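Throughout, numbering of the chain's residues begins at 1 and tracks the sequence. What you see is a predicted model, and the numbers here were worked out from it, not measured in a lab.
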Amino acid sequence: MKSLLLLSVACTLVALAFSDTAEQKLRNCNDVRAAYSSKGFNVNDVPNKYINGAPLKVCPQGFSCCTVEMEEKLSQQSHSEIKAPVSRLSSNMQSTFRQRHGHFDRYFKELLVNSEKSLHKMFTRTYGMMYVQNSELFKNFFADLTRYYVSGSPAINLESMMADFWAELLERMFRLVNVQYEFSDAYMECVSRHTDQLLPFGDVPRKLKIQITRSFVAARTFTKGLSLMPQVVNKVSAVSASPSCVRAAMKMLYCPYCSGQVALKPCQNYCLNVLRGCLANQADLDTEWNNFLDAMLGLADRLEGPFNFESVIEPIDVKLSDAIMNMQENSMQVSQKVFQGCGQPKPSTTFRTKRAIKETAFTGRFRPYNPDARPTTAAGTSLDRLVTDVKKKLKHAKKFWSTLPETVCAGERIAPGDECWNGTAKSRYESVVMGNGLANQVSNPDVDVDITKPDIVIRTQIAVLKEMTSWLKAAHSGNDISFQTDEEGSGGEESGSGCDPPSCATDRDIYFSTPPAPRAGPVGKPSGDAVSTRGSLLVALCGLALALLAPHWR
């Protein structure tokens with residue numbers, strides 16, 4: 001009996017000891033102190049035991065391990081923590097497309113440089129001093145193409161620039177194939193004004209104008225679109241959270257601390273409602289963002305196909321040589337039409353002696369141009385590879401803004417099932433999840449959102465995307481675009497071609513019995529015919545030499 005009594009007393013003491021330990025654990029804030037300190041805050045801010053939470057402004061006001069000062073600091077921390085994953089995702093997006101913009105921009109510029117070098121090398125070998133003495137014409141041609149790519153149509157009118165180029169080339173070649181005559185500036189103006197009627201270069205200028213315009217507009221607009229993406233993401237992601245969003249974030253992330261449940265994470269649907277309320281304005285960007293990406297993808301298809309910048313620029317030396325060959329082969333007919341329309345020129349006194357003819361005529365040896373001598377591919381890559389890569393990134397970027405809440409409210413940030421923080425306790429979250437966008441937040445149970453006040457920054461970026469989408473769609477149709485936001489584009493003057501009707505009316509009437517040039521039609525990738533004509537350069541040279549010497553052999 002005595003033993004039984006002793007055992008009973010012992011059990012009672014053990015039970016009392018465990019009860020007191022459990023109560024002490026319930027009352028102390030040791031876990032909160034450790035978690036609070038791990039965030040970088042002063043552990044002395046945390047009370048040792050539960051205190052009256054009545055002064056708290058956000059968290060439940062029963063017994064709590066939080067003071068008002070702690071709640072304020074944790075509120076600032078929650079603002080940073082809810083912004084961090086959005087900032088990280090936005091930064092990744094900015095980095096991705098800033099890098100792709102750099103790849104494309106560098107590629108297009110290097111392709112232009114390499115193409116100019118290729119032409120210079122080819123024409124120097126083929127035409128010798130005759131080209132060297134006129135090389136600034138071709139140098140200026142590439143300079144204008146580069147200027148257009150960099151600054152757009154406010155700086156360079158492509159159509160006028162190319163018309164001026166062909167007119168100047170005709171003038172120089174016309175003088176070369178008619179060295180026995182003298183031509184005044186007024187006479188050459190007459191010749192230049194009727195370049196389109198004379199068709200001295202065959203159909204090359206028409207085709208090249210279409211190909212260059214479409215490929216340059218597509219390349220330039222696509223590059224502008226890539227440069228716009230990081231700018232938009234940067235401005236939208238920098239939008240500050242509203243006070244109600246910060247309050248909701250505090251309640252979701254750190255109110256469990258105040259109740260001593262530092263390891264408790266929010267329910268997923270609770271997190272979705274908070275993030276959809278906080279990112280309501282950003283989600284409204286999604287529609288125009290997706291339209292912009294669709295337009296970028298459509299123009300990318302054009303760059304891979306009929307508006308391929310690479311296939312136009314790389315063989316441009318051969319195309320220009322084709323045009324020169326056409327002029328050489330038809331120089332007699334062209335000259336006769338010019339003499340008929342502009343009048344018979346005066347014979348030149350400079351080229352009457354055989355010595356003068358010998359000094360003027362080209363006497364160098366022609367070498368067949370080796371296509372293997374073309375420079376290596378620009379930027380160490382190809383347009384097809386660049387486009388394939390960026391299309392994957394563009395597709396991945398779709399619905400970026402509307403899916404941000406799902407992306408943030410996932411993984412270790414939330415607790416699956418019902419063992420989660422629902423805003424007031426560890427239990428199931430019962431509220432309905434709101435849709436995306438500002439209009440859907442009118443009944444958000446966790447974030448007070450004023451749906452009557454859209455964010456101005458984001459609305460501005462929606463307008464920017466809408467305008468860029470219209471430019472992309474225009475470029476998809478091959479139409480030139482004027483980028484009013486260009487840094488260098490505001491001060492450029494368009495170069496003119498021909499003459500204005502009033503001044504033309506003062507000249508004598510000219511009749512060229514040449515059919516009008518055919519209308520420009522759709523042109524896809526340049527055919528292999530242009531590339532295969534390299535061997536015809538020798539014929540072109542012979543034609544030029546014969547044209548120069550024939551008048552003196554009669």
A.B. asks: Decide whether Arg33 and Asn28 meet the rule of one side-chain donor and one side-chain acceptor closer than 3.5 Å.
C.D. replies: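 Short answer, no.
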A.B. asks: For the residue pair Lys391 and Glu304, establish whether any side-chain heavy-atom pair is separated by less than 4.5 Å.
C.D. replies: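 Heavy-atom side-chain distance check passes, below 4.5 Å.
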A.B. asks: Would a 4.5 Å heavy-atom cut-off, applied to side chains only, mark Gln61 and Asn52 as touching?
C.D. replies: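 Of all side-chain heavy-atom pairs linking Asn52 with Gln61, none is under 4.5 Å.
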A.B. asks: Could you label the plane-to-plane angle of the Tyr254 and Tyr257 rings as parallel, tilted or perpendicular, counting under 30° as parallel and over 60° as perpendicular?
C.D. replies: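 Aromatic pair Tyr254/Tyr257 classed perpendicular.
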A.B. asks: I want to check a possible cation-pi pair here: Arg302 against Phe307, using under 6.0 Å from ring centre and within 45° of the ring axis as the test.
C.D. replies: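 Verdict for Phe307: a cation-pi partner in Arg302.
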A.B. asks: Taking NZ, NE, NH1 and NH2 as the nitrogens, is one of them in Lys39 or Glu81 under 4.0 Å from a carboxylate oxygen of the other?
C.D. replies: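 Yes.
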A.B. asks: Hey, mind stepping through Leu299 and Thr221 against side chain to side chain contact (heavy atoms under 4.5 Å, CB included) and telling me if it holds?
C.D. replies: CA-CA 9 Å; Leu299 192 56; Thr221 310; 4.1 Å; yes
A.B. asks: I would like to know whether Val274 and Ile82 meet side chain to side chain contact (heavy atoms under 4.5 Å, CB included); could you show each step before the answer?
C.D. replies: CA-CA 10 Å; Val274 171; Ile82 203 168; 4.1 Å; yes
A.B. asks: Can a salt bridge be assigned to the pair Lys265 and Glu419 using a cut-off of 4.0 Å between side-chain N and carboxylate O?
C.D. replies: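 Salt bridge absent between Lys265 and Glu419.
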A.B. asks: Going by atom types alone, do Asp480 and Tyr148 pair a side-chain donor with an acceptor below 3.5 Å?
C.D. replies: yes
A.B. asks: Does Ser242 use its side chain to pair, donor to acceptor, with the backbone of Cys245 at less than 3.5 Å?
C.D. replies: yes
A.B. asks: If we ignore hydrogens and angles and just use 3.5 Å, is the side chain of Ser160 paired with the main-chain N or O of Asn157 as donor and acceptor?
C.D. replies: no
A.B. asks: Distance check, rounded to the nearest 0.5 Å: Leu386 atom CG versus Arg106 atom CZ?
C.D. replies: 9.0 Å
A.B. asks: Examine the side chains of Thr424 and Asn422 and answer whether a donor and an acceptor come within less than 3.5 Å of each other.
C.D. replies: yes
A.B. asks: Using the rule given for side chain to side chain contact (heavy atoms under 4.5 Å, CB included), can you reason through Leu279 versus Asn436, listing the C-alpha separation, both sets of side-chain angles and the distance that settles it, and then say yes or no?
C.D. replies: CA-CA 8 Å; Leu279 299 173; Asn436 284 302; over 6 Å; no
A.B. asks: For residues Gly277 and Val449, report the shortest heavy-atom separation together with the two atoms involved.
C.D. replies: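 Where Gly277 meets Val449 most closely, the heavy atoms are O-CG2, 3.7 Å.
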A.B. asks: Can you name the nearest heavy-atom pair linking Val246 to Ser78, along with the distance?
C.D. replies: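 Looking at all heavy atoms of both residues, the closest pair is O-OG, 3.9 Å.
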A.B. asks: Please check if atom CZ in Arg428 has more than 12 non-hydrogen atoms from other residues, nucleotides or ligands closer than 6.0 Å.
C.D. replies: no
A.B. asks: Is Lys121 salt-bridged to Asp317, going by a charged N under 4.0 Å from an acidic O?
C.D. replies: no
A.B. asks: Is a donor on one side and an acceptor on the other found under 3.5 Å between the side chain of Asn273 and the backbone of Val432?
C.D. replies: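 Yes, because the side chain of Asn273 sits within donor-acceptor range (under 3.5 Å) of the backbone of Val432.
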A.B. asks: I need the minimum non-hydrogen distance between Lys83 and Ser237, along with the two atoms involved.
C.D. replies: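 Between these two residues, the closest heavy atoms are CE-O, 4.3 Å.
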A.B. asks: Looking only at atom types and distance, does a side-chain atom of Ser115 sit under 3.5 Å from a main-chain N or O of Leu112, one as donor and one as acceptor?
C.D. replies: no
A.B. asks: Nearest 0.5 angstrom please: Ser431 OG to Asn444 CG, how far?
C.D. replies: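 The distance works out to 9.0 Å.
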A.B. asks: Any non-hydrogen side-chain atom of Leu394 less than 4.5 Å from a side-chain atom of Met229?
C.D. replies: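 In short, these two side chains touch, coming nearer than 4.5 Å.
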A.B. asks: What's the shortest heavy-atom distance between Cys59 and Cys258, and which atoms?
C.D. replies: SG-SG, 3.9 Å
A.B. asks: For a 4.5 angstrom cut-off between non-hydrogen side-chain atoms, does Trp421 reach Cys255?
C.D. replies: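 The answer is yes; the side chains approach within 4.5 Å.
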A.B. asks: Scan side-chain atoms only and decide if Thr452 and Asp450 contain a donor-acceptor pair under the 3.5 Å cut-off.
C.D. replies: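 There is such a pair between these side chains.
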A.B. asks: After noting the C-alpha distance and the side-chain angles of Arg276 and Glu406, does the key distance pass the salt bridge (charged side-chain N to carboxylate O under 4.0 Å, His left out) rule?
C.D. replies: CA-CA 9 Å; Arg276 287 184 178 178; Glu406 284 83 355; 2.2 Å; yes
A.B. asks: Between Pro85 and Thr407, is any pair of side-chain heavy atoms under 4.5 Å apart?
C.D. replies: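 Heavy-atom side-chain distance check fails, nothing below 4.5 Å.
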A.B. asks: What's the separation between atom CG in Leu111 and atom CG in Leu383, rounded to the nearest 0.5 Å?
C.D. replies: 8.5 Å
A.B. asks: Ignoring hydrogens and geometry beyond distance, is a side-chain donor-acceptor pair present between Asp448 and Ser244 at under 3.5 Å?
C.D. replies: no
A.B. asks: Side chains of Tyr270 and Asp446: any donor to acceptor distance under 3.5 Å?
C.D. replies: no
A.B. asks: Got a donor-acceptor contact below 3.5 angstrom from the Gln231 side chain to the Ser227 backbone?
C.D. replies: yes
A.B. asks: Between CZ of Phe138 and CD of Glu116, what distance do you get to the nearest 0.5 Å?
C.D. replies: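 It is 11.5 Å, given to the nearest 0.5 Å.
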A.B. asks: So, are Arg206 and Asp203 salt-bridged, with charged N and O less than 4.0 Å apart?
C.D. replies: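 Yes, Arg206 and Asp203 are salt-bridged.
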A.B. asks: Are the side chain of Ser259 and the backbone of Pro256 linked by a donor-acceptor contact shorter than 3.5 Å?
C.D. replies: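 Looks like yes, one N/O pair under 3.5 Å.
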A.B. asks: How long is the gap from CZ on Phe309 to OG1 on Thr223, to the nearest 0.5 Å?
C.D. replies: 8.5 Å
A.B. asks: Under 3.5 Å, is there a donor-acceptor pair linking the side chains of Asp105 and Tyr149?
C.D. replies: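 On atom types as modelled, these side chains qualify, holding a pair under 3.5 Å.
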A.B. asks: For the backbone of Lys209 and the side chain of Thr213, can you confirm whether one donor and one acceptor N or O come within less than 3.5 Å of each other?
C.D. replies: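 Yes: the side chain of Thr213 pairs with the backbone of Lys209.
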A.B. asks: Does this structure show an ion pair linking Glu72 with Lys57, if we count only N-O contacts that are shorter than 4.0 Å?
C.D. replies: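 No, Glu72 and Lys57 are not salt-bridged.
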A.B. asks: With no hydrogens and no angle check, is any side-chain donor or acceptor of Ser75 less than 3.5 Å from a backbone partner on Glu71?
C.D. replies: no
A.B. asks: How about Glu310 and Ser215: do any of their side-chain heavy atoms sit closer than 4.5 Å?
C.D. replies: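 When only atoms from C-beta onward are counted, Ser215 and Glu310 do not touch, as no gap falls below 4.5 Å.
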A.B. asks: If we ignore angles and hydrogens, is there a donor and acceptor under 3.5 Å between the side chains of Tyr429 and Asp418?
C.D. replies: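 Not at all, the side chains of Tyr429 and Asp418 share no donor-acceptor pair under 3.5 Å.
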A.B. asks: Do Lys399 and Asp286 meet the salt-bridge criterion of a basic N to acidic O distance under 4.0 Å?
C.D. replies: no
A.B. asks: Nearest heavy-atom pair of Pro230 and Leu226: which atoms, and what distance?
C.D. replies: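 Shortest heavy-atom separation between Pro230 and Leu226 comes out as CD-O, 3.0 Å.
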A.B. asks: Starting at CD of Glu288, measure out to CG of Leu293 and round the result to the nearest 0.5 Å.
C.D. replies: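 Answer rounded to 0.5 Å: 10.5 Å.
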A.B. asks: Check this for me: Lys473, atom NZ, are more than 12 non-hydrogen atoms of other residues, nucleotides or ligands nearer than 6.0 Å?
C.D. replies: no
A.B. asks: Does Asn114 form a side chain to side chain contact (heavy atoms under 4.5 Å, CB included) with Ile313? I'd like the steps, not just the answer.
C.D. replies: CA-CA 9 Å; Asn114 288 351; Ile313 296 305; over 6 Å; no
A.B. asks: When the ring planes of Trp289 and Phe400 are compared, do they come out parallel, tilted or perpendicular, using 30° and 60° as the limits?
C.D. replies: tilted
A.B. asks: So, do Leu465 and Val232 sit near enough that their side-chain heavy atoms are less than 4.5 Å apart?
C.D. replies: yes
A.B. asks: Ignoring hydrogens and angles, state whether a donor on the side chain of Thr469 or Asn291 is under 3.5 Å from an acceptor on the partner side chain.
C.D. replies: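 Asn291 and Thr469 do not have a side-chain donor-acceptor pair below 3.5 Å.
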A.B. asks: Any sub-3.5 Å donor-acceptor pair from Ser477's side-chain atoms to Asn479's backbone N or O?
C.D. replies: no
A.B. asks: For atom CZ of Phe63, is the number of surrounding heavy atoms from other residues, nucleotides or ligands below 6.0 Å larger than 12?
C.D. replies: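 Atom CZ in Phe63 is not crowded, with 12 or fewer foreign heavy atoms closer than 6.0 Å.
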A.B. asks: Just by modelled atom types, is the Leu303 backbone N or O under 3.5 Å from a matching donor or acceptor in the Asn308 side chain?
C.D. replies: yes
A.B. asks: Return the minimal non-hydrogen interatomic distance between Gln268 and Cys409, and the atom names on each side.
C.D. replies: NE2-O, 3.3 Å
A.B. asks: In the structure I gave you, are the side-chain heavy atoms of Thr67 and Leu56 within less than 4.5 Å of one another anywhere?
C.D. replies: no
